[in-house]
There are 2 protein chains.
Amino acid sequence: MTDTRWLDEEEQRTWRAFVAFSRLLSEAMERQLGRDEGLPFSYYLILAMLSEAPGRSLTMTELATVVRASPSRLSHAVNKLQANGWVERSRHPEDRRAIIASLTDEGMAVVEKAAPGHVGEVRRLVFDRLTPEQLVSFDDVLTTLLTGLDPDVPVCPDTPVCPTDAEPAVPTVGLCPSDAGLDDGPGAPDCDAA
Amino acid sequence: MTDTRWLDEEEQRTWRAFVAFSRLLSEAMERQLGRDEGLPFSYYLILAMLSEAPGRSLTMTELATVVRASPSRLSHAVNKLQANGWVERSRHPEDRRAIIASLTDEGMAVVEKAAPGHVGEVRRLVFDRLTPEQLVSFDDVLTTLLTGLDPDVPVCPDTPVCPTDAEPAVPTVGLCPSDAGLDDGPGAPDCDAA
DNA sequence: CCATCGTACTTGAAGTTTCAATGATTCGGC
DNA sequence: GCCGAATCATTGAAACTTCAAGTACGATGG
């Protein structure tokens, strides 16, 4: 146990850069959503994932999987979202253990309002700063590391971004502010308003 | 505001891969430290940064900066670490507003015991999986993105890893299990033991 | 000198996440 | 049909973080 292979200088620099970047970026996303929409990122993620699901609905277990939350954490979070009128619960018709969480129209309006600012921040802090070559390298490295970490992840099932309107080629999604008959919501972005 | 530039397919895939990887990795680090040492990562980081500081001591403000914690968060955390006997507080001789946090011998022993496993996990999950070319690309991308996010960060002041014994070329550090007269500590890895 | 402002740090309350325990339902085998 | 095991979900308490004051000290300017 005493033969630890410590990190060399470059590895250490890279590692510290990753930790710093990862942290600063997630804080930046949190700040942006908090400031502009009064939403924590984890709540936005839940709403966004529901908005992309068929029928805007998923079982609690499915939802927990896509947002990578523990069942307990999801349950607590959905309690709050439900209290805000953004999510509803209903029984699963075939498996009465399961509960289906569905995005309400109000919840959909919240996502649609929040998405552009969120995407803008991602673009500003990440993609606008990378050359096409860097983007390719970055994707390559992430794919390598991700498959090592969790072979179940098909390099896709995760975050809250929105595809182009002109690209129906993308499989999962149904989020974009284009494909929903939104009648300007009640505009209550405060997450804790009872 | 309706002219949002959504992410294209590749950008979206890369972004979701990053979010997934970042999350899975930090959870993996948290699990490893929790399982093997009974320490949350944020506490380990505090101890590790103190262990690298001159005199194993920093003011609370300095410490908060290097671990990127709010003053409040740090104060609460140091309360716990102090209760465990791993950190001590003392007054700053020249500025009596300031408080100096110092790593005790017991705290040093905890870091020295935890470091190898932590480094091993970093190596196993990250560096052992990248080719030298990928490592260079990764470092390049991270440096680019990091300077964009926070120009104050000199690509270094962050995480808890340890340099090689054979490399006194590294500036900051003083952590490695080699350079401290460790007389096997009381071996109490449980973080909440009073 | 002393009033004022800014810095260093702490505290208690509120919010979020984790942990362990529990209820309800389905599935597999006998 | 029924029992045990596994799955789906919730709950309350504990742990951690954040937020809003609040205390103490140092620095600035009249």
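- Both A/Ser42 and B/Thr59 lie close to DNA chain C; mapped to their nearest nucleotides by heavy-atom distance, the more 5′-ward contact belongs to B/Thr59.
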Would you tabulate the nitrogen or oxygen pairs shorter than 3.5 Å linking the protein to nucleotides 11-13 of chain D?
residue	atom	partner	partner atom	Å
D/dT11	O4	A/Ser72	OG	3.0
D/dG12	O6	A/His76	NE2	3.0

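- Summarising the geometry of B/Met29 relative to B/His118, their closest heavy-atom pair is CE-CE1, 3.2 Å, with the distance given to 0.1 Å.
- Within the 4.0 angstrom heavy-atom criterion, only backbone atoms of the sugar-phosphate kind lie near A/Arg96; the bases stay farther away.
- Residues satisfying the salt bridge (charged side-chain N to carboxylate O under 4.0 Å, His left out) test with B/Arg124, not counting sequence neighbours, are B/Glu121.
- Between the CG atom of A/Leu74 and the P atom of D/dT10 there is a distance of 8 Å, given to the nearest Å.
- The main-chain N or O of A/Ala53 is never found under 3.5 Å from a side-chain atom of A/Ser57 such that the two would form a donor-acceptor pair.
- Considering all non-hydrogen atoms of both residues, B/Lys113 and B/Asp36 come closest at NZ-O, 4.0 Å.
- When the P atom of D/dC8 is taken as reference, atom CG of A/Leu58 falls 14 Å away, rounded to whole Å.
- Out of D/dG26, D/dA9, C/dT18, the shortest distance to the side chain of A/Ser70 is found at C/dT18.
- Counting to the nearest Å, the P atom of D/dG26 and the CD1 atom of B/Ile99 are 13 Å from each other.
- Along DNA chain D, the nucleotide nearest B/Arg97 and the nucleotide nearest A/Met60 are compared for position; the residue whose nucleotide lies closer to the 5' end is A/Met60.
- If you measure from atom CZ of A/Arg73 to atom C1' of C/dA20, you get 18 Å, rounded to the nearest angstrom.
- B/Phe18 and A/Phe18 have perpendicular rings, their planes meeting at more than 60° on a 0 to 90° scale where under 30° would count as parallel.
- At whole-Å resolution of the value, CG in A/Asn84 and C1' in C/dT16 are 15 Å apart.
- At D/dA15, none of the side-chain N or O atoms of B/Tyr43 fall inside 4.0 Å of OP1 or OP2 (strictly under the cut-off).
- Nearest-nucleotide assignment on DNA chain C puts the 5′-proximal partner with A/Ala69, out of A/Glu94 and A/Ala69.
- Distance alone, capped at 3.5 Å, places no donor-acceptor pair between the B/Ser22 side chain and the A/Ser22 backbone.
- Atom P of nucleotide C/dT18 and atom CZ of B/Arg23 are separated by 9 Å, given to the nearest angstrom.
- Atom CZ of A/Arg91 and atom C1' of C/dT26 are 13 Å apart (whole Å).
- For A/Lys80, the side-chain atoms get nearest to C/dG15 when compared with the rest of C/dG15, C/dT17, D/dC16.
- Across the protein-nucleic acid pair, A/His92 atom NE2 and D/dT7 atom C1' stand 13 Å apart, rounded to whole Å.
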Distance-only criterion, 3.5 Å: show the donor-acceptor pairs between side-chain atoms of residues 72-79 of chain B and protein atoms not counting sequence neighbours.
residue	atom	partner	partner atom	Å
B/Asn79	OD1	B/Arg89	NH2	2.1
B/Asn79	ND2	B/Ser75	O	3.4

